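All of these numbers come straight from a predicted model, not from anything done at the bench. Below, chains carry the letters A, B, ... as their sequence lines are ordered, and counting in each starts from 1.
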Amino acid sequence: MIDFKEKLVDLFIEKYNQFERGEILEIIEIPPQEDMGDLALPCFKFARVFRKAPNLIAEEICANLASNEYFQEIRNMGPYVNFFVNKELIARSVINNVYVQGERYGSSTLGEGKNVIVEFSSPNIAKPFSIAHIRTTVIGHALRNIYKFLGFNTIAINHLGDYGTQFGKLIVAFKTWGDRETVEKDPIPELLKLYVKFHDVAEEKPELEDEAREWFKKLEEGDEEAYQLWQWFRDVSLKEFNRIYEMMGIDFDSYAGESFYSDKMNAVIELLEEKGLLKDSEGAKIVDLEEYNMPPALITKSDGSTLYITRDLAAAIYRKQTYDFYKNIYVVGSQQNLHFQQMFKVLELAGFDWAKDCIHIPFGMVSLEEGTMSTRRGRVVFLEDVLNKAVEKTREIIAEKNPDLPDKEKVAREVGIGAILFQELSHSRIKDYLFSWDTALSFEGETGPYVQYTHARACSVLEKAGVKTFADIFAINGKETTVEPGRALENVDYGLLLEDEAYQVIKQIYTFPESIIKAMERNEPFLITRNIIDLAQAFNKFYHEYPILVEDPELRKARLLLVLCTKIVIKTGLKLLGIESPEKM
RNA sequence: GCGCCUGUAGCUCAGCAGGAUAGAGCAACGGACUUCUAAUCCGUAGGCCAGAGGUUCGAAUCCUCUCAGGCGCGCCA
């Protein structure tokens, strides 16, 4: 695709060769308003060099640059020189690229040969999968898709919370009050009840806590009874989780959770010992990080059992050995900022230069109107309920608006679940947010259903026109049905796509690939969400303003190309976010 | 107490390696369906960018302080 920024630099450097390409490229901006053109060169920075007011410099630069095939106009606007790209050319370039790449438009080979680990979701076994887990799950999944699309080899790891003292607690609770049959029937809620009961009773009888630690120790030492129970808790929980992942269309390459590293812990402790990093402190072993302005990292408890960070260290080392990652990404809430800082620092101190390739991607908390979520207090919103409610609401809307729709149930699921996922991916990660049913179930404006609706609308026009592919459209006013990339597009009149509304659609599609790269660089999927919302808005405006299925075959052809490109890009964008694009809704 | 994060329209948020008149959506109000899906589109209204200082030709954006909220800070994960 034509890079107009580069072309601008070419044009400028040709006259002003005393500047570096990079420094010019860096200052190019996008003007705040449409009537100011597509790119702008601010002249403030030149003031010192030319010893003149920016206004005058702009005037002079403008006079020295002549429009060419890439820029149809170059305008002096105060301290800025503004560039208007050749609309016909950009239309052609964009459409040609979508035509050649199809649903791979925006993809890249940037990451070829590089392994990227994305650790996400990682629920705790025997606890409900609540909306607190939705963020890591959805953001992580989108990131994995994005890296993959850019050519990286991705490894999606669900680092299950399937180990730790909590299982000691659960074993104690189950042995004291539990009943196998009841748990089998409705595993997670029943296990949750046991867990809650444990905490209630333990407030009066703190010796239960000791008992729990005792059982966890037994588990670590391979006690048969403890192991059997643990295995069973894990199996029934995983079965439930997988049902939810399936609803959301998410899968993993590995479910190696904390327990997976239980036999790799000693090696870590030995290693840290060897490097002289370990210190005894009140019976526990720590790595002192005072020098780095951090509290110490607790590696083993005074009873010798391991902790969270120990397992995470073991996991990181194992992953480096197994996958030789280029990046090891942890999609985990911002509450754990300190934990990851400590852990990465310990890796660095242990002499692993790849510690710098470990990246924590934090995100804000989800809370409920009635306060912070607390599984212990039973203050939870189950993710499955949220998804089901969204599907239910979609069913109602379909019954009202489109009762003759085929595949109603499938569409209801795609749209309902899409709405939830989309909402999750429409803000920057770091902000905390309040879960509200109203927002989650709102389907108008900047929402998933809006974007999906736009896609369905585009599909519907294409269907009415009787075209499916680019070749179908090229054939409209000519004989060619099979054509080579690049050539066929010559028989389209791009001058027919110059209206402002059409041009906005083209521009939006032009920026789609950049938005994917940015989303990867910043690990912010919402940048893609933003991009396709803007595309949908631009398209809907165009759609409203201009009829597509017009008599004039050349105009019809050009407009249909715009529709097809929009459809493809929206579909690709949604797919990256993990959302389906129904053709009718 | 110390550390990290957040504060932009009534609400939810963009914009923050400084740049032109601070943008969307929701909610409110008013318009547009015998013509390609009205889950749409158009318009009106809504702002001391938390506050105060500073740096700069220029600050929502950078620095300092203050205020408000969230999170974290040794035997949970």
Legend entry - Ion pair check, A:Glu545 and A:Lys541, cut-off under 4.0 Å: no

Inset, instruction - For B:C16 and B:G23, measure between their C1' atoms and round to the nearest Å. - result: 14 Å

Legend entry - Separation between the C1' atoms of B:A24 and B:U64, rounded to whole Å: 33 Å

Inset, instruction - Please state the P separation for the pair B:U56 and B:G70 - nearest whole angstrom. - result: 38 Å

Inset, instruction - With sequence neighbours excluded, tell me which residues meet salt bridge (charged side-chain N to carboxylate O under 4.0 Å, His left out) with A:Lys5. - result: none

Inset, instruction - Identify, residue by residue, the members of residues 538-548 of chain A with a heavy atom below 4.0 Å from RNA chain B, and return them in order of residue number, or none. - result: A:Asn540, A:Lys541, A:Tyr543, A:His544, A:Tyr546, A:Pro547, A:Ile548

Inset, instruction - Decide, for B:A45, between syn and anti: a glycosidic angle within 90° of 0 counts as syn, anything else as anti. - result: anti

Inset, instruction - To the nearest 0.5 Å, tell me how far A:Asp404 CG sits from A:Ile398 CD1. - result: 12.0 Å

Inset, instruction - Return the set of residues passing salt bridge (charged side-chain N to carboxylate O under 4.0 Å, His left out) with A:Lys52 (not counting sequence neighbours), or none when no residue passes. - result: A:Glu60

Inset, instruction - Kindly indicate whether the side chain of A:Asp312 and the base of B:A77 share any N or O donor-acceptor pair separated by less than 3.5 Å? - result: no

Inset, instruction - May I ask you to evaluate whether A:Thr165 reaches the phosphate of B:C76, defined as a side-chain N or O under 4.0 Å from OP1 or OP2? - result: yes

Inset, instruction - Mind running a 4.0 Å heavy-atom check of residues 39-55 of chain A against RNA chain B and sending the residues that fall below it, in number order? - result: A:Ala40, A:Phe44, A:Lys45

Legend entry - Whole-Å C1' distance, B:C71 and B:A38: 44 Å

Legend entry - A:Phe542 side, atom CZ; A:Glu499 side, atom CD - distance, nearest 0.5 Å: 6.0 Å

Would you list the atom pairs, donor with acceptor, under 3.5 Å between side chains in residues 530-539 of chain A and any protein atom, with sequence neighbours excluded?
unit_1   : atom_1 : unit_2   : atom_2 : d
A:Arg530 : NH2    : A:Glu446 : OE2    : 3.0
A:Asn531 : ND2    : A:Thr511 : OG1    : 3.2

Inset, instruction - Quick one: list whatever passes salt bridge (charged side-chain N to carboxylate O under 4.0 Å, His left out) with A:Lys408, sequence neighbours left out. - result: none

Legend entry - Stem regions touching RNA chain B, defined by at least 3 consecutive Watson-Crick or wobble G-U pairs below 3.5 angstrom: B:1-7 with B:67-73, B:10-13 with B:23-26, B:28-32 with B:40-44, B:50-54 with B:62-66

Inset, instruction - Pull out every residue in residues 303-311 of chain A that has a heavy atom closer than 4.0 Å to any atom of RNA chain B, ordered by number, or say none. - result: A:Leu307, A:Tyr308, A:Arg311

Legend entry - Summary of salt bridge (charged side-chain N to carboxylate O under 4.0 Å, His left out) pairs that have at least one residue in residues 296-315 of chain A, sequence neighbours excluded: A:Glu258-A:Arg311

Legend entry - N-O pairing of A:Lys279 and A:Glu273 below 4.0 Å: no

Legend entry - Of the listed nucleotides B:U8, B:A24, B:A20, the one nearest the side chain of A:Glu446: B:A24

Inset, instruction - Confirm from the modelled atom types if A:Ser334 and B:G72 form a donor-acceptor pair under 3.5 Å, side chain to base only. - result: no

Legend entry - Counterpart residues, ring pair (Phe, Tyr, Trp, His ring centres under 6.0 Å), relative to A:Phe363 (two or more places apart): none

Inset, instruction - Answer yes when A:Lys468 and A:Glu463 have at least one side-chain N-carboxylate O distance shorter than 4.0 Å, and no when they do not. - result: no

Inset, instruction - Can you sort out the partners of A:Glu29 under salt bridge (charged side-chain N to carboxylate O under 4.0 Å, His left out), two or more places apart, ordered by chain and number? - result: none

Legend entry - Partner residues of A:Arg457 under the side-chain hydrogen bond (donor to acceptor under 3.5 Å, both in side chains) criterion, sequence neighbours left out: A:Asn540

